[in-house]
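Taking it in order: structure first as structure tokens, then the write-up.
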Amino acid sequence: MIQTVTSPELALADYEPVVGEWPIEEIRRLARALGQVSVQHVNSTAVGGGVAEILVRLVPLMKDAGLNAGWNIIKGGDDFYRVTKAFHNALHGANQPLTSADLAVFERYQTMNRDLVQVWGDYVVVHDPQPLGLIEVRDARSAPGGDGKPAARRLSRSKEAARIVSGTRWIWRCHIDISAPDPHLWAFLAPWIERYDASIFSMPEFARPLAIPQFMITPAIDPLSEKNVELEPAEVQAVLLRHGIDPSRPVLTQISRFDRLKDPLGVIKVYRLVKKRRPDCQLVLAGGGATDDPEGAQVLSEVMEAANDDPDLHVLLLPPFSDREINALQRGSTVILQKSLKEGFGLTVTEALWKGKPVVGGAVGGIRLQILDGVTGFLARSIEGAAERVRRLLGNPALAEELGRRGREHVRSHFLITRNLRNYLLLMLALRGPGKDVIHI
Ligand code: UDP
């Protein structure tokens, strides 16, 4: 059976002290205007990575706002995740050859999941490419996919099921930077995407020529989650000590899945450059895997080799649900790095900024929305550039503190989950009146 993720109970009222009364009242009014609707999120993993991180908090908050919200995970095997990880890289513009056998694997799992996933939402929000083909349950008549075969032949759902879900509004939420995708893969996926009622991207730069409306909504973090709540200094210190990290010396940290696009090897080079002038500094590279990311083990072994038994370089393989531990590692750091080569948004940056930490991030994707260079952190375009900025921060604690303070306020204004929830409600209201320029609420 398909997995339904159960989430904790959350109350919108608890967010008032963080964001103020009015944003919460606005959410309630928008939810009332929507009425008794159900919202079904579908993605490919319950654990690891930014999408799961958002949904585990967004779904319960949607419920507290009065919506019937839920979250289902599609099924995949190793072959599927190998292909979808290759898709992920190719959509990010990497030179990643894809064979027709790969595309066939993807299609096979789309067909399988169409039979497994029951569509129950008035609004179905499909996250990223992995479950994209679920859209075929809405209408068995038109053909997607680019292979020329009528879709109906591939569908095993009954006409009755297709009729029941025909009033559903379908939203494709893309979390990745698809500004320069592999053209063949894009041509394969676009016919599915264009059958949705709307798409969501994290930045205007990610928009594509598409025949459906494109909404820009940035992801967000939950300030009250275990990942982000305030911690006592003693707890932070205990976590550092448990991992052999010296809290009295500078700590540089990158938290990320072990993924080449997060550039962990580049981070090690940055650290080595910094260490030439600041021999006291330490590096923490902490991350786990995501169940839909099969490349992690290989990248981790490359990282271990590059670490080369340096006692000040701590590679931490974290089990799932290490939220409090990650929170403590971020809070215990002197500078946070997120040296990604490509990035949809980079929730790790948001998390660090919210904790008032100075962040040096790669000047890519959504990191550029969060780090206003020199104002809420530093952007870097090279290893040398990143090392120079880390050194500057280590040498100027007052600057580090000021950037961190502004970073936290930037997150409060733009990247908290209450704003994300409000955007979803507005989008759902907008989809009630397709083609209308003005929707009366
Ligand atoms: N994360 C985690 N454990 C890990 C590595 C990352 O919980 O071992 C979390 C991290 O704190 C962040 C999310 O997973 O909340 C990663 O989101 P991001 O947008 O930075 O990157 P993605 O993995 O989605 O590419």
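Only this structure's heavy atoms are used, side chains among them; waters, hydrogens and symmetry mates stay out. These figures come from a predicted structure and were not determined experimentally. Read the numbers this way: they start at 1 and go in the same order the structure lists the ligands and their atoms.
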Looking only at side chains, do Trp172 and Asp128 share a donor and an acceptor under 3.5 Å apart? no
What protein heavy atom lies closest to atom 8 (O) of ligand 1? Include the residue and the distance to one decimal. Gly288 N, 2.5 Å
Sequence neighbours excluded, the answer for side chain to side chain contact (heavy atoms under 4.5 Å, CB included) partners of Ala90 is Gln96, Leu98, Asp182, Leu185
Could you identify the single nearest non-hydrogen protein atom to atom 23 (O) of ligand 1 and state the distance to 0.1 Å? Arg257 NE, 2.7 Å
Against ligand 1, does Lys262 come closer than 4.0 Å with any heavy atom? yes
The closest protein heavy-atom partner of atom 24 (O) of ligand 1 is Gly50 N, 2.7 Å
Within the 4.0 Å heavy-atom shell around Lys227, which atoms of ligand 1 are there? 2 (C), 7 (O), 9 (C), 10 (C), 11 (O), 15 (O)
Atoms in ligand 1 with a heavy atom of Ile326 nearer than 4.0 Å: 2 (C), 3 (N), 4 (C), 7 (O)
Evaluate the criterion salt bridge (Lys or Arg N to Asp or Glu O under 4.0 Å) for residue pair Arg82 and Asp102; output intermediate values, then yes/no. CA-CA 9 Å; Arg82 182 188 57 74; Asp102 292 335; 3.3 Å; yes
Does NZ or CZ of Arg412 come closer than 6.0 Å to the centre of the six-membered ring of Trp354, within 45° of the ring's axis? no
Give the residue, atom name and distance (to 0.1 Å) of the protein heavy atom nearest atom 19 (O) of ligand 1. Leu347 N, 2.9 Å
All heavy atoms of Gln130 vs all of Gln110, minimum pair found to be O-NE2, 2.8 Å
Between Ser322 and Glu325, is there a side-chain donor-acceptor contact under 3.5 Å, judged purely by atom types and distance? no
Quick test of your reading of the structure: of Val47, Leu318, Thr348, whose heavy atom lies closest to atom 10 (C) of ligand 1? Thr348
What protein heavy atom sits nearest atom 6 (C) of ligand 1, and how far off is it? Ile255 CG2, 4.1 Å
For Gly346, take its heavy atoms, then give the atoms of ligand 1 lying under 4.0 Å from any of them. 19 (O), 20 (O)
Show me which atoms of ligand 1 lie under 4.0 Å from any heavy atom of Glu351. 10 (C), 11 (O), 12 (C), 15 (O)
Residues Arg138 and Asp197: closest non-hydrogen pair is NH2-OD2, 3.0 Å
Can you check whether Trp192 and Tyr196 have ring centres sitting under 6.0 Å from each other? no
